Each structure stands twice: as structure tokens, then as C-alpha cells.
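Take a look at the structure below.
All of these numbers come straight from a predicted model, not from anything done at the bench. Start at 1 with the first residue, then count along the sequence.
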Amino acid sequence: MGATEHVVVVEGESEEEKREEEKGAAEEKEKVDLEKGQVGAFVEDKSLERNEDQRDHFHISMLQTLNPTNPLRIVVNGGTRVAPPPPSQSSRFQVPAPPSQSSRFQVPPPPSQSSRFQAPPPRSTPTPQQSVTTLNSRRFTNKITLLLYLVHKVAAIALVGFLIFKGVQGLIDASNPARRKEERVLKYFLPQVEAASLLSITLAFAWQKALREWPRIMVYFIIWCTFFMSLSAGILLICFQKPATDGVGVCFIAFAIGNGLYACWVSQRVGFCFKVLLKALEPVDKFPDLNGPAYWMLGSGFLWMSLWILAVIGALNFYYTPLVIIALVLSLAWTTEVMRNVVNLTVSRVIALYYLRGMQSNTQFCFQRALSRNLGSACLGSLFVPAIEALRIVARGLNLLEGEDEFMFSCAHCCLNVMQSIFRYGNGWAYVQIAAYGKSFVRASQDTWALFEREEMVSIVDSDMTSALCFLTGVCSGSICVIVVAAWTATVHRPFTATISLLAFFIGYLMTRIAMALPHACVSCYYVCYAENPENRLFDKTIKERLEMIKTGRDVVMATPRVPRRFTR
């Protein structure tokens with residue numbers, strides 16, 4: 001009995017232990033389920049937070065991709081978002097508070113380049129760019145002056161035609177009292193003038209060819225040959241012992257004295273002038289037809305000169321003969337000066353395009369352009385540039401005067417200030433930019449002078465001798481024509497000597513200047529194109545070394561004065 005009861009007791013205890021274990025397991029399972037429930041709630045809350053953040057970010061991205069002109073884009077780009085602080089370890093399982101109404105529409109700061117949702121850059125209005133100056137301008141320059149010249153030319157042709165008709169009418173009419181005078185003019189006046197025209201054309205090409213072949217020798221030869229020829233012409237006219245020839249002869253001798261003083265004054269500049277001529281004339285050999293425009297202009301000038309002489313003869317059979325002859329002389333001077341500048345523009349365009357772009361231009365096309373689109377500038381420059389050159393000579397003469405007369409120097413100061421303004425708004429260097437860019441005469445003068453001031457080349461271009469050499473070649477040719485024609489006329493009909501001498505000098509000077517436009521244009525292009533691009537490989541160090549010598553005081557230039565020294569103190 002005892003053993004059996006013990007077994008029952010043990011089994012009862014084991015059943016009670018099993019119940020306690022099952023109860024503990026149920027409590028642990030309930031605890032675990034509770035913990036799982038808490039974790040699940042946290043995960044669900046975190047997923048809701050992530051979904052809400054993604055939805056907000058999606059709305060922000062759509063706002064950022066709006067049209068830049070939309071006002072919302074401006075607000076979004078200007079907005080800022082305060083980044084929330086990082087969650088602490090203790091608040092890891094806390095559900096974040098819902099965002100407030102004021103912070104719901106706040107946008108994040110501008111994203112970095114690595115951001116996936118980077119907004120495109122705002123579209124800016126394109127700024128207008130400065131127009132580039134073209135080398136093929138199609139507009140006509142200085143149209144008013146061109147119209148004025150065309151009207152003048154039509155009137156001159158009509159006047160010449162009418163005077164030729166009057167001359168023929170006077171020769172046919174036997175009862176005309178001026179018939180014998182016209183016959184004498186035709187016999188003793190016309191042959192000498194035609195001979196002077198042919199001689200001047202021959203001398204013009206001889207000067208040009210010699211200057212291109214031997215520039216160093218010709219610089220000295222032109223200066224001193226002009227001195228001796230003008231002096232010889234003056235002495236020859238004085239030897240005729242007539243009041244008219246004496247007056248003309250004195251003028252030639254006075255010019256010869258001034259020419260001799262100028263030759264002594266510029267002796268230090270001859271070396272640099274030779275170097276510039278030698279370098280500037282190098283491109284001429286690359287264009288065999290570059291002299292073609294000069295041939296055409298000289299041929300046209302000879303034909304017009306022949307008709308002009310016949311018109312002068314016809315003016316003897318018309319009213320107000322002196323006034324008509326003066327009008328014919330002024331018309332001839334303007335016409336031949338325009339012809340010279342047409343050659344200048346043609347050569348300037350060919351050489352300038354070679355320097356600026358390395359182009360082999362067609363000379364015929366450049367000649368047509370000078371006769372059409374740039375003819376107005378040639379007409380305007382033909383009126384002003386000779387006056388400018390005359391003022392240049394007067395200014396240099398005033399600078400050489402010494403004395404204590406304040407009134408005289410105040411007048412010189414006024415004249416030189418006027419000259420300074422003229423040089424800025426009108427100068428002979430402007431033809432390069434007129435030919436290359438199609439600018440008007442005044443604008444080209446301003447731009448060219450601004451280039452010289454920028455590169456500090458004013459002292460060099462002021463002391464340039466090229467224009468003086470071309471002027472002296474014209475004077476030398478005119479003096480030679482005077483010597484030949486005066487000796488001829490004194491033999492056949494002495495009363496016409498003074499008149500024919502003046503006319504021969506005028507014709508010889510004008511014809512020679514037309515041919516000498518080629519070397520003058522080459523030197524002008526060399527200076528202006530260097531000022532525009534000094535680093536061009538086609539230029540050497542001639543101008544650069546000259547500038548350095550002037551700045552360091554190793555060389556002295558006799559520049560065109562702007563203001564006398566006593567007025568600058």
C-alpha cells in the first residue's frame with residue numbers, strides 16, 4: 001500500500017509541474033506576441049512615414065520641373081527647408097509628429113550635382129552680341145558727297161561740251177572777233193599742253209618704278225631733285241625778263257629754298273622711311289595687275305585733259321572768261337584728286353586684305369568697288385585731305401618760329417588746336433579702313449586715329465615722310481614740265497610763256513600724284529594694319545624697335561606739333 005501511494009504522489013506532482021510549465025509557456029508566447037505587435041506597429045508607422053516623405057518629395061520634384069516663367073518656379077527656387085535633427089537613440093521607436101501646415105510646403109535646399117532629382121538651370125535671356133565689322137560691306141559710303149560729285153560731274157561735262165561747241169562755232173564764223181585769238185591758242189597753246197600731259201604720265205610711272213626698285217636711293221634723290229628742278233625752273237622763267245614770268249619764277253625759287261630747308265630738317269628720318277618703304281612694297285610683287293587701276297585713271301585723265309583744254313579755248317568766245325576758266329580749273333583739280341583716291345582705295349583694299357586675312361584679292365573687283373560703293377568717301381576725302389596736308393605744313397612752320405610775340409603765338413595756338421581736331425575727324429590714313437571695312441570717311445578717320453593712339457604710334461605717323469615724298473615727286477614732275485614747255489613756248493610764241501608754264505606745272509603735278517597713289521597706299525596699309533594687329537606674322541620689328549627707341553630717348557622724331565611748347569608750361 002505504501003509503495004502505491006508514493007507513485008501516485010509522484011505522478012500528481014509531475015502533472016502539476018506540466019500545468020505550470022504550459023502556463024508559463026502561454027505567458028511567454030503572449031509576451032512575444034505582444035512584443036511582435038509593438039514591433040509591427042513601429043514598422044507600420046515607419047512605412048507610413050517613408051511613404052509620406054516620398055509623396056512630398058515627388059510633389060517637390062514636380063514643382064521644380066515647372067516652366068521657368070511660372071511664378072511657382074520662382075517661389076520654389078527661392079524657398080528653403082530646415083532639415084530636421086537626426087533621431088536620437090532614445091527616440092528610435094517613437095512615431096514622429098505629423099508635419100505642421102507651415103512646414104509642409106517648404107522645399108529642400110538646391111540639390112548637388114549628384115542629386116538624382118536635380119532641377120535644370122534657369123533659362124536666361126540671351127544678351128545681344130556686338131556686331132562684327134564685315135570686310136564685304138555692301139552699303140554706299142558718304143552718299144551726300146557722292147551725289148554732290150555726280151551733280152558736279154554732270155554739270156562739268158555739260159559745260160565742257162557747251163564750251164567746245166562755242167569754240168568750234170567761233171572758228172567757223174569768219175566775222176567773230178575772237179577767231180584770230182582762238183587760232184593762236186590752238187596753234188601755240190594746245191600742242192604744249194598735250195606734250196606736258198604725255199610727259200607727266202611718263203614721269204609718273206618712272207617715279208613709281210624707280211621708287212619700287214631702289215627705295216633707299218630714291219628717297220634722297222626725290223628730295224634733292226625737286227630742289228634743283230624747282231630752282232632751275234624759277235631761274236629759267238626769270239631769264240625771260242617779263243613781269244608775268246618773273247612772278248612765277250620767284251614763286252619757284254621760294255619753294256626751292258623751303259624744299260632745301262626741309263631736306264636738311266628730315267635727314268635723320270630718311271633711314272626709317274627707307275625701311276618702311278622697303279617692307280611696305282613687298283606685297284606689290286604678289287599682285288601683278290595692281291597697277292591696272294592707275295593705268296585706267298591716267299588714260300581717263302589724259303582724255304579728260306584734252307577735252308578740258310578745248311573747253312578753255314572755247315571759253316575765250318564766251319562771257320565772263322576768267323570766272324569760267326577758274327571754275328574749270330577747280331573742277332579739274334577735284335576730278336583728278338578723286339581719280340587718285342580711287343587708285344588709293346583699290347590698292348588699299350588689296351593690300352589690307354592681304355595683311356588682315358592673308359587673302360589674294362581680285363584687283364578688278366576692288367577697283368569696281370572703289371568706283372561704286374566707296375566713291376563717296378573718295379570724293380569727300382578729295383576735298384579735305386589736301387587742305388589737311390597744307391595745314392600740316394603750316395603747323396610745322398609755326399613750330400619752328402621763335403620769338404616773344406604773344407599775339408603771334410596765341411594765333412599759332414588757335415590754328416594748331418583746329419588742326420588737332422581736323423586730324424582726328426579727317427586724315428589721309430582713313431582710306432585703309434574705308435577700303436577694307438566700308439566705313440564712312442569721318443568714322444574711318446576717328447577709328448584709325450584711335451588705333452594709333454592705342455598703340456602709341458602717333459609720333460611715328462606724324463613724322464612719316466611718304467606723303468611728303470609723293471608731293472615732292474609731283475612738284476618735281478611739274479617743274480620738269482615747266483622747263484620743257486617754257487623753253488618751247490618762248491621760242492614759238494613768248495606771250496603765252498607764263499600761262500602755259502603754270503598750266504604745265506598743274507598738269508604734271510596732278511598726273512604724277514595719280515601714279516604715286518600706289519606706294520602711298522602701301523605705306524598707309526602697313527601702318528594701319530600694324531596698329532590693328534601688331535602680332536601679325538607679316539610684320540617685322542621695324543615699328544616696334546622705332547617705338548622703343550623713341551620711348552628710351554635714343555631717337556628723336558620731328559612730329560607734327562599739336563601745341564607749342566610755351567603753351568604747355
Salt bridge (Lys or Arg N to Asp or Glu O under 4.0 Å) evaluation trace for Lys541 with Glu548: CA-CA 10 Å; Lys541 298 182 179 180; Glu548 292 178 354; over 6 Å; no
Kindly indicate, with the supporting measurements, whether the criterion side chain to side chain contact (heavy atoms under 4.5 Å, CB included) is fulfilled by Leu469 and Leu277. CA-CA 11 Å; Leu469 288 176; Leu277 274 174; 4.2 Å; yes
Test side chain to side chain contact (heavy atoms under 4.5 Å, CB included) on Lys143 and Leu147; report intermediate values, then the result. CA-CA 6 Å; Lys143 298 178 183 179; Leu147 179 62; over 6 Å; no
Leu231 vs Ile253, side chain to side chain contact (heavy atoms under 4.5 Å, CB included): CA-CA, chis, key distance, verdict: CA-CA 5 Å; Leu231 183 63; Ile253 292 176; 4.2 Å; yes
Val329 and Trp308: side chain to side chain contact (heavy atoms under 4.5 Å, CB included), yes or no, with the steps? CA-CA 9 Å; Val329 169; Trp308 184 85; 3.8 Å; yes
Going through the distances and angles, do Tyr355 and Phe539 end up as a ring-ring contact (aromatic ring centres under 6.0 Å, His included)? CA-CA 9 Å; Tyr355 281 135; Phe539 300 112; 4.9 Å; yes
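The main-chain N or O of Phe441 is found under 3.5 Å from a side-chain atom of Asn142 such that the two form a donor-acceptor pair. For the pair Arg454 (side chain) and Ala531 (backbone), a donor-acceptor distance under 3.5 Å is present. Looking only at distances, a side-chain donor or acceptor of Gln192 sits under 3.5 Å from a matching main-chain atom of Tyr188. Judged by distance alone, with hydrogens and angles left aside, the side-chain atoms of Thr321 form a donor-acceptor pair with the main-chain N or O of Ala315 at under 3.5 Å. The closest donor-acceptor contact from the side chain of Ser306 to the backbone of Phe302 lies under 3.5 Å. Judged purely by atom type and a 3.5 angstrom limit, Thr336 uses its side chain to pair as donor or acceptor with the backbone of Ala333. In terms of modelled atom types and a separation under 3.5 Å, the side chain of Thr473 and the main chain of Cys470 share a donor-acceptor contact. At distances below 3.5 Å, at least one donor-acceptor pair connects side-chain atoms of Ser200 with backbone N or O atoms of Ala196. Between the Arg349 side chain and the Ala435 main chain, a donor and an acceptor come within less than 3.5 Å of each other. When atom types are taken as modelled, the side chain of Arg269 and the backbone of Ser463 share a donor-acceptor pair closer than 3.5 angstrom.
Rounding to the nearest 0.5 Å places CD1 of Ile550 at 4.5 Å from CD1 of Ile460. Here the CG-CD distance, from Leu281 to Gln208, works out to 9.0 Å after rounding to the nearest 0.5 Å. Atoms OG and CG, from Ser377 and Leu345 in turn, are 7.5 Å apart once rounded to the nearest 0.5 Å. Atom CE in Met511 sits 10.0 Å away from atom SG in Cys481 (nearest 0.5 Å). Distance check: Met218 CE to Cys225 SG gives 8.0 Å after rounding to the nearest 0.5 Å. Note that CZ of Phe165 is 11.5 Å distant from CZ of Phe318, once rounded to the nearest 0.5 Å.
Ring pair Tyr262/Phe227: centre-to-centre distance not below 6.0 Å.
No side-chain heavy atom of Leu278 sits under 4.5 Å from any side-chain heavy atom of Arg216. The shortest distance between side-chain heavy atoms of Lys275 and Asp540 does not fall below 4.5 Å. Between Leu290 and Ile351, the closest side-chain pair of non-hydrogen atoms falls below 4.5 Å. Phe189 is listed as a side-chain neighbour of Leu503, based on a closest heavy-atom distance under 4.5 Å. Side chains of Val342 and Pro293 form no contact here, defined as non-hydrogen atoms less than 4.5 Å apart. With contacts defined as side-chain heavy-atom distances shorter than 4.5 Å, the pair Glu337/Val385 does not qualify.
Counting non-hydrogen atoms of neighbouring residues, nucleotides and ligands closer than 6.0 angstrom, the CH2 atom of Trp304 exceeds 12 such neighbours. Counting heavy atoms of neighbouring residues, nucleotides and ligands inside a 6.0 Å radius, atom CZ of Arg537 does not exceed 12 of them. The local environment of CD1 in Ile144 is sparse, with at most 12 non-hydrogen atoms from other residues, nucleotides or ligands closer than 6.0 Å. More than 12 heavy atoms of other residues, nucleotides or ligands sit less than 6.0 Å from atom NZ of Lys153. Applying the 6.0 Å contact sphere to CZ of Phe384 captures no more than 12 heavy atoms from other residues, nucleotides or ligands. Applying the 6.0 Å contact sphere to CZ of Phe205 captures more than 12 heavy atoms from other residues, nucleotides or ligands.
Ring pair Trp224/Phe228 is tilted by interplanar angle, where 30° to 60° counts as tilted. In this structure, Trp449 and Phe452 have perpendicular ring planes: the angle between them is above 60°, well past the 30° mark. Taking the six-membered ring where the residue is Trp, Phe505 and Phe252 present perpendicular rings, their angle passing 60° and hence far from 30°.
Looking at residues two or more places apart in sequence or on another chain, you find a ring-ring contact (aromatic ring centres under 6.0 Å, His included) between Trp334 and Tyr149, His152. Judged as a side chain to side chain contact (heavy atoms under 4.5 Å, CB included), and not counting sequence neighbours, the contacts of Arg138 are Asn136, Arg373. Contacts of Tyr354 classified as ring-ring contact (aromatic ring centres under 6.0 Å, His included), with partners at least two apart in sequence or in another chain: none.
Smallest separation of non-hydrogen atoms from Val343 and Met297: CG2-CG, 3.4 Å. Between Ala486 and Leu236, the shortest heavy-atom contact is CB-CD2, 4.4 Å. Of all non-hydrogen atoms in Leu186 and Leu190, the two that sit nearest each other are O-CB, 3.6 Å. Heavy-atom minimum distance, Ala311 versus Ile164: N-CG1, 4.0 Å. In terms of heavy atoms, Leu547 sits closest to Glu455 at CD1-O, 3.8 Å. In terms of heavy atoms, Ala352 sits closest to Cys529 at CA-SG, 3.9 Å.
The closest side-chain donor-acceptor pair between Thr226 and Asn259, if any, does not fall under 3.5 angstrom. Inspection of the Ser477 and Trp207 side chains reveals an N or O donor paired with an N or O acceptor under 3.5 Å.
Residue Tyr431 forms a side chain to side chain donor-acceptor pair (under 3.5 Å) with just one option from Asn374, Asn344, Asn341, and that option is Asn341.
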